[in-house]
Amino acid sequence: MKMSRVISLVLSLCLLAAAVPALADEVPQPEGGKKFETNWAADACLVEIDYEEEGYRVSVTQENMTDPMNLTGDIWQYNCHYDESKDALVSMDSERTPFTVSESAEKKLGESKYSELDPEGMNAVFTIGADGKLEWNDPRDHAGDGLQFSNIGNFKGNWKSDAGEAETVSVKILWNGTSREEDWFYTVWVTRGATDAETYTVTLANCDYDAATGKLSGIGAMTVFTKNAQGEYDSKDSEENAEVIFSKTEDGKLLYEAANGIVLVADLLAD
């Protein structure tokens, strides 16, 4: 983290501490719980909201789709507090950083355009409308004007079976956002069994998120890998499709709703 960003964060926390009661249970929270704390998507734009230490960390990634062969964009980072009177998340400090994407799909960050406490009247505001859509009011750059973000859940990343689970399971989930909401989906790989076992399976599925149920689900193709006499693996596609369903637990773990249910934790060391 850049030193200016660290200083900005410390000052923000000091301001927040002065503005709200000292006891954590007195800090205002949205009615109905963690309604902001999820991921949200609009055309070529993704908002990720996480609750941390009595505040919210908000990251907005917006791609410039005018030239698909020369992909660029910007990332906004905010530290926000919940404003009960507005029923909104309001930023205390902001940072905007441009990026470019290489031919190998690697994202390269440039120099921040600004990284500071928000000047008066320049606070970003995030609200949820009656239709359940998130709105991003950005007074500095107006990048959120006209955008309405849909709740897409918070599933992307790498997951592995919890230490208490008997079966080895690993899951990789990628978000595939396009310019049209009807084409949005998650790509999911489910590996059941250790990759050095005699037999393991890999299921590849495109999954949709249902905000009403909080579940991510889809139908995928399963491939069975079996070790041969030479110690190498032969693969065979299963004749049956495999259904995959995921939901999130109260403590932020991933529940793979297979037989008996398999609890997964974030695998921060995976590629």
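All heavy atoms count here, side chains included; hydrogens, waters and symmetry mates do not.
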Check your understanding: Is the closest side-chain heavy-atom distance between E165 and V263 below 4.5 Å?
Key -> yes

Check your understanding: Heavy-atom distance under 4.5 Å between the side chains of Y186 and N206, does that happen here?
Key -> no

Point to revise | Full working for side chain to side chain contact (heavy atoms under 4.5 Å, CB included) between L264 and K253 | key: CA-CA 6 Å; L264 308 168; K253 296 179 181 179; over 6 Å; no

Review point. Counting only heavy atoms not in L269, do more than 12 fall under 6.0 Å of its CG?
Key: no

When the side chains of residues 209-225 are checked against the rest of the protein, which donor-acceptor pairs come out under 3.5 Å, sequence neighbours left out?
unit_1: D210; atom_1: OD1; unit_2: A212; atom_2: N; d: 2.9
unit_1: T213; atom_1: OG1; unit_2: D210; atom_2: O; d: 3.4
unit_1: T213; atom_1: OG1; unit_2: K215; atom_2: N; d: 3.3
unit_1: K215; atom_1: NZ; unit_2: E257; atom_2: OE1; d: 3.2
unit_1: K215; atom_1: NZ; unit_2: E257; atom_2: OE2; d: 2.6
unit_1: T223; atom_1: OG1; unit_2: D237; atom_2: OD1; d: 3.1

Practice item. Show the numbers, then the answer: is there a side chain to side chain contact (heavy atoms under 4.5 Å, CB included) between V171 and T191? Key: CA-CA 6 Å; V171 175; T191 301; over 6 Å; no

Practice item. Walk me through it: do K113 and T97 pass the test side chain to side chain donor-acceptor pair (under 3.5 Å)? Key: CA-CA 6 Å; K113 296 181 179 179; T97 306; over 6 Å; no

Point to revise | Backbone of G231 reached by a side-chain donor or acceptor of N228 within 3.5 Å | key: yes

Exercise for review: Report, as yes or no, whether the 6.0 Å neighbourhood of atom CD on E239 holds more than 12 heavy atoms from other residues, nucleotides or ligands.
Suggested key: no

Practice item. Consider only side-chain heavy atoms of I, L, V, M, F, W and Y, link residues closer than 4.5 Å, and tell whether F185 and W159 are in one cluster. Key: no

Practice item. For the residue pair E48 and K156, establish whether any side-chain heavy-atom pair is separated by less than 4.5 Å. Key: yes

Point to revise | Flag if over 12 foreign heavy atoms under 6.0 Å of CG, D234 | key: yes

Check your understanding: Between T203 and A242, what is the shortest heavy-atom contact and its length?
Key -> CG2-CB, 3.9 Å

Review point. Is it the case that S94 and E116 place a side-chain donor and acceptor less than 3.5 Å from each other?
Key: no

Review point. Would a 4.5 Å heavy-atom cut-off, applied to side chains only, mark Q148 and E135 as touching?
Key: yes

Review point. Judged by modelled atom types alone, do T38 and N154 share a side-chain donor-acceptor pair under 3.5 Å?
Key: no

Check your understanding: Are F149 and F126 close enough that their ring centers fall under 6.0 Å?
Key -> no

Check your understanding: Same hydrophobic cluster for Y200 and V244, using side-chain heavy-atom links shorter than 4.5 Å among ILVMFWY?
Key -> no

Practice item. Flag the pair K172 / V188 as yes when at least one side-chain heavy-atom distance between them is below 4.5 Å, and no otherwise. Key: no

Review point. Below 4.5 Å, heavy atoms only, C-beta onward: do K108 and V101 meet side chain to side chain?
Key: no

Review point. Can you name the closest pair of heavy atoms from L254 and K248 and give their distance?
Key: CD1-CD, 3.8 Å

Check your understanding: Under the 3.5 angstrom rule, does the side chain of N151 hit a backbone N or O of G153 as a donor-acceptor pair?
Key -> yes

Revision key, fill the gap. Across all chains, not counting sequence neighbours, the side-chain hydrogen bond (donor to acceptor under 3.5 Å, both in side chains) partners of K227 are none

Review point. With no hydrogens and no angle check, is any side-chain donor or acceptor of S161 less than 3.5 Å from a backbone partner on V169?
Key: yes

**Study point:** Between K86 and T127: side-chain donor-acceptor atoms closer than 3.5 Å
**Key:** no

Point to revise | L71 reachable from L109 in the ILVMFWY side-chain graph, under 4.5 Å edges | key: yes

Review point. Which pair of heavy atoms, one from D138 and one from A143, lies closest together, and at what distance?
Key: OD2-N, 2.9 Å

Check your understanding: Under the ring pair (Phe, Tyr, Trp, His ring centres under 6.0 Å) criterion, do W136 and W40 qualify, and how do the steps go?
Key -> CA-CA 11 Å; W136 170 33; W40 306 81; over 10 Å; no

Review point. Going by distance alone, is a donor N or O of one side chain under 3.5 Å from an acceptor N or O of the other, for Y56 and N79?
Key: no

Study note, to complete from the structure: One should read off an interatomic distance between D131 CG and L134 CG, to the nearest 0.5 angstrom, of 10.5 Å

Check your understanding: Got V58 and F36 here, is their nearest side-chain heavy-atom distance under 4.5 Å?
Key -> no

Review point. Is it true that a side-chain atom of S238 and a backbone atom of E240 form a donor plus acceptor pair closer than 3.5 Å?
Key: yes

Exercise for review: Step by step, work out the side chain to side chain contact (heavy atoms under 4.5 Å, CB included) result for H81 and M92.
Suggested key: CA-CA 7 Å; H81 69 277; M92 299 173 291; 3.6 Å; yes

Check your understanding: Can a donor-acceptor pair be found between the side chains of D118 and S91 at a distance below 3.5 Å?
Key -> yes

Exercise for review: Under the side chain to side chain contact (heavy atoms under 4.5 Å, CB included) rule, what do K133 and I128 come out as? Steps first, then yes or no, please.
Suggested key: CA-CA 5 Å; K133 301 285 189 178; I128 299 176; over 6 Å; no

Review point. Think R57 forms a cation-pi with Y51, using NZ or CZ under 6.0 Å from the six-ring centre and within 45 degrees of its axis?
Key: no

**Study point:** Point-to-point distance, once rounded to the nearest 0.5 Å, from CD of Q77 to SG of C80
**Key:** 10.5 Å

Practice item. Identify the heavy atoms of E198 and Y233 that sit nearest to each other, and give their distance. Key: O-CE2, 4.0 Å

Revision key, fill the gap. Shortest non-hydrogen pair, D141 vs W76, comes out as OD2-NE1, 3.0 Å

Review point. Between D87 and K35, is the closest basic N to carboxylate O distance under 4.0 Å?
Key: yes

Practice item. Answer yes or no: does atom CD of E106 have more than 12 heavy-atom neighbours from other residues, nucleotides or ligands under 6.0 Å? Key: no

Review point. Going by distance alone, is a donor N or O of one side chain under 3.5 Å from an acceptor N or O of the other, for W184 and D208?
Key: no

**Study point:** Side chains of I75 and Q62 in contact at under 4.5 Å (non-hydrogen atoms)
**Key:** no

**Study point:** Those residues that, when tested against L204, pass side-chain contact (heavy atoms from CB on, under 4.5 Å) (two or more places apart)
**Key:** T187, W189

